[in-house]
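Below: the structure, in structure tokens.
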Amino acid sequence: MVQKYQSPVRVYKYPFELVMAAYERRFPTCPLIPVFLGSDIVQEHKSEDGSVHVVERICKLNVDAPRLLKKVHPENEEWTCFEQSASLDIKSFFGFESTVEKIAMKQYTANIKRGKEVIEFYLNELISQGITHLPRWSPGSHDRNEHASWTASGITAQNSMPALAESSAQGSTRVDLAIPGAETSASDADKLEADYIERYLGKLTPMQESSLIHLRQWLQETYKGKIPKDDHILRFLRARDFNMEKTREMLCQSLSWRKQYQVDYILQAWRPPPILEEYYAGGWHYHDKDGRPLYILRLGQVDTKGLMKALGEESILRHVISINEEGQKRCEENTLQFGWPIGSWTCLVDLEGLNMRHLWRPGVKALLRIIEVVEANYPETLGRLLIVRAPRVFPVLWTLVSPFINENTREKFLIYSGNNYQGPGGISDYLDNEIIPDFLGGECMCNISEGGLVPKSLYQSDDDTEASDHIRLCTDTVYHSSYVYKGSPHEITAEILEEESVITWDFDILRGDVVFSLFHSKRAPQTHQKDLGIVAGSTPSTNNVQLIDKNWVMGVDYSLVESPLICKEGESIQGSHVTRWPGFYILQWKMHSPASGSSLVRVDDVLASLQGSSHKCKFMYYFEVLASEDFRGSMSSLESCSGFSQLSGTTNSSNKSHSDSLISR
């Protein structure tokens, strides 16, 4: 493996000829660079018109010798751009060639930044001797110092311990004199100036600079068109500790994702729905003391379940992506405003109000998917996360979520319980007092929404959600919607292979009253699609499925394992069942009607009949099968957390000899 190094372009505010004269003074030895032990000229050639000067040297170095590329600065012809590249290839070192190359290159780059100091030293030496100007080359001139192109090739480096290894490096150096007004070559688009890197990207080690430049050049050659901005590329390099192969793989996957889902246009195309604007308690709020954009999220006030059911997971994910895109834009603006590199933002999360209801399993699963998308496509964008007013339940949520968060990201978390965020050592260390929000005891009025419960009247079905989403960012959905008709229940099956598995469910009744039951059968049920066109006021629905054959006999072909539960319109139902036998478990929802023969007629039944809903019920459901060991102690066993808006609801439980079950409204 050949170790390579590429420097950024370094600018000297001196004419080309003077810089080259200073460069020549580095030879035959350069005491300012310890790795440079000496050099001898092997051969030298100069063109007749003096435009080309080729010098071939053999050099003794502790490590590799560079290849130098220089050109006049495009904005000022009295300045000179200077660029270095180097490669080191150990031919033989007893099987440890790669290790030796890395050690040698590390030593080389440890000295490389001194290169500019060395040139500056010799420039000052020339000036002290009264040499402040050298005439520029022009056709017909033959002066040795008047040249527009200078090339050195065939450089050979010897290891400082020749008895241990033989190493060689080859490179070439070319210095081009740019003609004012001439077009910049295509390759110039790949160059990065050292001053630009320090001003807009931050201080990097020589090898980090080299990795950035190499990856940028590779993208330029591979993608041929629009490539990410330099700060975007740098984030991916940092996320993979500047490992080129890992970074390239991660970045390419992200670029494909951005193209597939048109993420580059999301800030122009995406407008948060009114429900999000009203009930999503998050927004941008000035900046922290380091100039990072500040995002505030009042997570404890967010009705996660309500937002997911009203908007769908896709809309929430898209909103989170738009927040990340906006964050990158604000970082660029703050970099220009404050005069130093700002590549990440600060997030302040207020957990007041967080309780067990937030540990709703589908909501947490959706959160984990969002974290996965953000980690894969927006690495190193979070500079600091301030979590305030963390309640007692927070460690449970943290235990569930933290394994999915990158270790580098977790190190940026600062967590305050109670009122510990106030006073010295609190958030005032990172935020100016005049921008601390009023709800945290600060002086600043915060315009972020206060969140709250999403009315169930705003809940949508999967069809409604998909119709409003033009770009799908997730391929799987948490909830499914279905209709139940008179005489046509909706049934789903879960195949259980091991005893004491756990079936969990969560559903909301959006229209009408439904009876929920759970059955067990040793026989595999067959799907039956009933013709619903004969039912008055109904239309055929492809999401109404029946599994229990009309010829099956209760107690023979299948058995009831959960007592029927009447579920009223508007209720949220959560529950679980620990299985006793392997086989097929059938979850059934059927329309509820008043007991036949009853002399009492309910007013709401009459109204429902007049409105046409007596022929069709609608509900949204989610279910999952877990191994028993995964269920115990998991979030799904925290039944009290289920149903954000049903905290005061009743809980019905039934314990049978063959199962443990819990159903909560």
Side-chain angles (χ1 to χ4, degrees), residues 271-282 298-319 353 355 357-358 360 362-363 366 449-469 477-485 490 505-516 537-539 541 543-544 565-574 589-593 602-622 641-650 663-665:
R271 292 294 179 270
I275 298 175
L276 264 180
E277 292 181 338
E278 183 175 356
Y279 294 101
Y280 184 80
R298 304 183 69 177
L299 184 59
Q301 307 301 317
V302 177
D303 180 2
T304 308
K305 182 176 183 179
L307 287 176
M308 283 186 60
K309 291 191 173 183
L311 296 171
E313 185 178 342
E314 305 302 323
S315 292
I316 297 175
L317 176 58
R318 191 177 311 166
H319 188 56
N355 53 44
R357 68 178 183 261
H358 287 89
W360 171 59
S449 168
E450 295 183 358
L453 299 178
V454 179
K456 290 191 174 183
S457 59
L458 299 177
Y459 287 8
Q460 297 183 7
S461 68
D462 285 346
D463 295 337
D464 297 330
T465 302
E466 290 181 14
S468 64
D469 283 348
T477 57
V478 175
Y479 280 92
H480 301 278
S481 63
S482 186
Y483 294 92
V484 176
Y485 303 86
H490 180 70
W505 55 82
D506 178 274
F507 58 89
D508 285 74
I509 310 303
L510 303 180
R511 183 192 305 170
D513 296 345
V514 174
V515 178
F516 172 73
S538 69
T539 56
S541 174
N543 58 0
N544 178 269
L565 178 71
I566 299 175
C567 310
K568 301 295 185 180
E569 181 175 315
E571 288 187 333
S572 293
I573 309 297
Q574 296 80 35
W589 294 266
K590 67 179 181 179
M591 182 176 289
H592 171 66
S593 299
R602 297 192 312 168
V603 175
D604 55 348
D605 290 334
V606 175
L607 292 175
S609 177
L610 292 174
Q611 295 170 355
S613 62
S614 60
H615 299 295
K616 181 170 63 174
C617 298
K618 182 181 180 181
F619 68 101
M620 298 174 63
Y621 68 90
Y622 162 86
C641 74
S642 304
F644 190 101
S645 58
Q646 300 294 327
L647 298 180
S648 59
T650 59
I663 301 178
S664 63
R665 297 176 187 264

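Computed over heavy atoms, backbone and side chain alike; hydrogens, waters and symmetry mates excluded. Keep in mind that what you see is a predicted model, and the values were worked out from it rather than measured. We're numbering straight along the sequence, starting at 1.
- A donor-acceptor pair under 3.5 Å is absent between the side-chain atoms of Asp513 and the main chain of His592, judged by distance alone.
- Contacts of Tyr280 classified as ring-ring contact (aromatic ring centres under 6.0 Å, His included), with partners at least two apart in sequence or in another chain: His319.
- Distance check, rounded to the nearest 0.5 Å: CD1 of Ile275 to CG of Leu311 gives 4.5 Å.
- Once rounded to the nearest 0.5 Å, the distance linking OH of Tyr621 with CD1 of Ile509 reads 12.5 Å.
- Under the 3.5 Å distance criterion, the side-chain polar atoms of Ser481 are left unmatched by any main-chain donor or acceptor of Met620.
- Rounding to the nearest 0.5 angstrom, the gap separating the CD atom in Glu278 from the CG atom in Leu458 is 8.0 Å.
- For the pair Lys616 and Tyr485, the NZ or CZ position fails the cation-pi test of under 6.0 Å to the six-membered ring centre and within 45 degrees of the ring normal.
- Other residues, nucleotides and ligands contribute at most 12 non-hydrogen atoms within 6.0 Å of the CD atom of Glu450.
- In this structure, the separation between CE on Met308 and CD on Glu314 is 9.5 Å, given to the nearest 0.5 Å.
- Nearest heavy-atom pair, Glu277 versus Ser449, reported as atom, atom and distance to 0.1 Å: O-CB, 3.7 Å.
- The CG atom of Leu276 lies 13.5 Å from the CZ atom of Arg271; values are rounded to the nearest 0.5 Å.
- Taking 4.5 Å as the limit, some side-chain heavy atom of Tyr279 sits within range of a side-chain heavy atom of Leu307.
- Residues passing the side-chain contact (heavy atoms from CB on, under 4.5 Å) test with Val484 are His490, Trp589, Met591, Cys617, Phe619, sequence neighbours excluded.
- When every heavy atom of Gly306 is checked against every heavy atom of Asp303, the shortest pair comes out as N-OD1, 2.9 Å.
- In terms of heavy atoms, Gln301 sits closest to Ala281 at CB-CB, 4.4 Å.
- Two residues are said to be in side-chain contact when any heavy atoms from C-beta on lie closer than 4.5 Å; Cys567 and Leu565 meet this criterion.
- Looking only at distances, no side-chain donor or acceptor of Asp506 sits under 3.5 Å from a matching main-chain atom of Tyr622.
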